[in-house]
Amino acid sequence: MFNQPKFEAAFPFQGDVLALPVVDLDATADWYAQAFDMVEVERKAQPNPTVILERDDVQIGFAINGGDASQEGAAIRVANIQGIKAELESKGVEIGNWRVDERDGKRFQVFFVVAPDGLCYCFNEPI
């Protein structure tokens, strides 16, 4: 049976997957909507301007919090990684480092995306 490409979970590299640092919430929301098919589900001004986007019930948040986007990002567990990769490539998203990683005795197919804001994403699926 064909496994529909979808996001299953997101895990931050460092801090909080709902507060990844960016400098422009509107540009962020627009890019992730176009590239990752995410939709805006919440926006707030306090304590830091924040937007939360969602796809397949997986939420990722972005905040103007003074953080360094080039030092942050998230691991995104997916179903049908080949389908996700093809979907992103069809939208002009540059895919990097398609490979198999091993962690804790488990194997994962992975690839990386660096967004225009500098955040890095490791898309992965258990093999």
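Counting from 1, the numbers follow the sequence of the chain as shown. Treat the numbers as computed from the prediction; the structure is a model and nothing was measured.
Between D37 and K91 the shortest side-chain heavy-atom distance falls below 4.5 Å. Within the 4.5 Å cutoff, the side chain of V93 has no heavy atoms near those of the Y121 side chain. Inter-residue side-chain proximity for V113 and I76 is flagged as unmet; no heavy-atom pair is nearer than 4.5 Å. Two residues are said to be in side-chain contact when any heavy atoms from C-beta on lie closer than 4.5 Å; I64 and N48 fail this criterion. Between T28 and P116 there is no side-chain heavy-atom pair separated by less than 4.5 Å. You'll find the side chain of F108 reaches within 4.5 Å of the side chain of R77, heavy atoms only.
Within the model, atoms CD1 of I60 and CD1 of I52 stand 11.0 Å from one another, a figure rounded to the nearest 0.5 Å. Expressed to the nearest 0.5 Å, how far CD of E54 lies from CG of D56 amounts to 8.5 Å.
Criterion: ILVMFWY side-chain heavy atoms under 4.5 Å apart, direct or through other members. Under it, F11 and F7 are not part of a common hydrophobic cluster. Under a hydrophobic-cluster definition in which Ile, Leu, Val, Met, Phe, Trp and Tyr are linked whenever side-chain heavy atoms come within less than 4.5 Å, directly or via other members, L20 and V23 are assigned to different clusters. In the hydrophobic clustering of this structure, V114 does not group with F36; members are Ile, Leu, Val, Met, Phe, Trp, Tyr whose side-chain heavy atoms approach within less than 4.5 Å, directly or through other members. Note on L88: it does not cluster hydrophobically with V110, by side-chain heavy-atom contacts below 4.5 Å among ILVMFWY residues. Both L25 and L53 belong to a common hydrophobic cluster when Ile, Leu, Val, Met, Phe, Trp and Tyr are linked at side-chain heavy-atom distances under 4.5 angstrom.
The two residues E89 and I95 come nearest to each other via the heavy atoms CG-CG1, 3.4 Å. Scanning both residues, Q59 and V17, for their nearest heavy atoms gives O-CG1, 4.2 Å. Contact between D26 and D24 at its shortest, heavy atoms only, is N-OD1, 3.0 Å. Contact detail for A63 and T50: the closest heavy-atom pair is CB-OG1, 3.7 Å. Closest heavy-atom contact between Y32 and A115: OH-CB, 3.2 Å. Summarising the geometry of A79 relative to E8, their closest heavy-atom pair is CB-OE2, 3.4 Å, with the distance given to 0.1 Å.
Under the 3.5 Å distance criterion, the side-chain polar atoms of D104 are left unmatched by any main-chain donor or acceptor of K106. Checked by atom type and distance alone, the side chain of Q109 pairs as donor or acceptor with a backbone atom of R99 at under 3.5 Å. In terms of modelled atom types and a separation under 3.5 Å, the side chain of N65 and the main chain of A19 share a donor-acceptor contact. Side chain of Q14 to main chain of Q71: a donor-acceptor pair is present (N/O by atom type, distance under 3.5 Å, no hydrogens or angles). At least one donor-acceptor pair under 3.5 Å links the side chain of E125 to the backbone N or O of N80.
The 12-atom threshold is not exceeded at CD of Q82, counting heavy atoms of other residues, nucleotides or ligands nearer than 6.0 Å.
Residues passing the side chain to side chain contact (heavy atoms under 4.5 Å, CB included) test with R107, sequence neighbours excluded: V100, E102, I127.
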TODO: Show the numbers, then the answer: is there a side chain to side chain donor-acceptor pair (under 3.5 Å) between D68 and S70?
DONE: CA-CA 5 Å; D68 182 356; S70 70; 2.7 Å; yes
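Note: F111 and F123 have parallel aromatic rings, judged against thresholds of 30 and 60 degrees for the angle between ring planes.
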